[in-house]
Amino acid sequence: SQKIEQNSEALNIQEGKTATLTCNYTNYSPAYLQWYRQDPGRGPVFLLLIRENEKEKRKERLKVTFDTTLKQSLFHITASQPADSATYLCALAPGSGNTGKLIFGQGTTLQVKP
Amino acid sequence: ETGVTQSPTHLIKTRGQQVTLRCSSQSGHNTVSWYQQALGQGPQFIFQYYREEENGRGNFPPRFSGLQFPNYSSELDVNALELDDSALYLCASSLRRQGGTGELFFGEGSRLTVL
């Protein structure tokens, strides 16, 4: 069956360290993969999109990798800050990506301690 | 802020009732998607509207229906409400172009509680 999985356990790290979140998927060949941030009671906010032919994407302190052989994406936040504490969702677009359907993982909650 | 507005923000209904949720998309966006998010879970795709027509549907029964208007705003209707319909309903607008829909811009959601 098709699955997209994120670590359901919360990730607790110290301020200044690098946070690494994992997204694994099975039985999909996604056109692209996206990462979103969601704060409690709020809608998700888009962070980064990486296409199937891209290995890595960066934006300020954020970095995303995409390994279509391993069927895995890693999301890194360098020099983490308490303000980075939130739930991070990965989402993939199955097939050509033209239907607009995104399949979301269940999210990983990141807690950055000062 | 994304420019996507949803109403109402919170509502309580009883089992068997009907509900209509509304969404105004971000200026310049031609596509609206609806997602259901249960507590502690990721959003689940309900359906998407492009040029006023349904363009993709998730695994939701027909009692979940929708509309998109010429100004690209949208409604989600749910009939015969069940307890399991209690969730945060998220609307997301986007600009459909070649290569896919790209990133979604979500509203803050409508929190539905069914008693």
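Protein chains get the first letters and strands the later ones, always in sequence-line order, with residue 1 at the start of each. Below, each value reflects all heavy atoms present in this structure, side chains not excepted, and no hydrogens, waters or symmetry copies.
- Side-chain contact check for B:Pro43 versus A:Leu89: some heavy-atom pair is nearer than 4.5 Å.
- Cluster membership for A:Leu33 and A:Leu62, using ILVMFWY side-chain heavy atoms within less than 4.5 angstrom, is shared.
- When the side chains of ILVMFWY residues are joined at heavy-atom separations under 4.5 Å, either directly or via intervening members, B:Leu21 and B:Tyr49 end up in a single hydrophobic cluster.
- Taking every heavy atom of both residues into account, A:Pro44 and B:Leu90 meet most closely at CD-CD1, 3.8 Å.
- At least one side-chain heavy atom of B:Leu104 sits under 4.5 Å from a side-chain heavy atom of A:Tyr36.
- A single hydrophobic cluster is seen to contain both A:Phe46 and B:Leu88, as judged by linkage of ILVMFWY side chains at heavy-atom distances under 4.5 Å, directly or through other members.
- Using a distance-only test at 3.5 Å, with no hydrogens or angles considered, no donor-acceptor pair links the side chain of A:Gln106 to the main chain of B:Gln41.
- With rounding to the nearest 0.5 angstrom, the CD atom of B:Glu103 is 11.0 Å from the CG atom of A:Leu47.
- Looking at B:Gln37, the atoms closer than 4.5 Å to chain A (heavy atoms on both sides) all sit in the side chain, from C-beta outward.
- Residue A:Arg61 places its CZ atom among more than 12 non-hydrogen atoms of other residues, nucleotides or ligands, all under 6.0 Å distant.
- More than 12 heavy-atom neighbours from other residues, nucleotides or ligands sit within 6.0 angstrom of CD on A:Gln14.
- Between the NZ atom of A:Lys101 and the CD atom of B:Gln44 there is a distance of 9.5 Å, given to the nearest 0.5 Å.
- Between B:Phe45 and A:Phe104, every side-chain heavy-atom pair lies at or beyond the 4.5 Å cut-off.
- Counting heavy-atom neighbours within 6.0 Å of B:Arg51 CZ, excluding the residue itself, gives a total of 12 or less.
- No chain of hydrophobic side-chain contacts below 4.5 Å, direct or via other Ile, Leu, Val, Met, Phe, Trp or Tyr residues, connects B:Phe105 to B:Tyr72.
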Evaluate side chain to side chain contact (heavy atoms under 4.5 Å, CB included) for A:Leu102 paired with B:Tyr35, printing each intermediate quantity in order.
CA-CA 9 Å; A:Leu102 286 183; B:Tyr35 286 79; 3.3 Å; yes
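- With a 4.5 Å cut-off on non-hydrogen atoms, A:Gln38 touches chain B through its side chain but not through its backbone.
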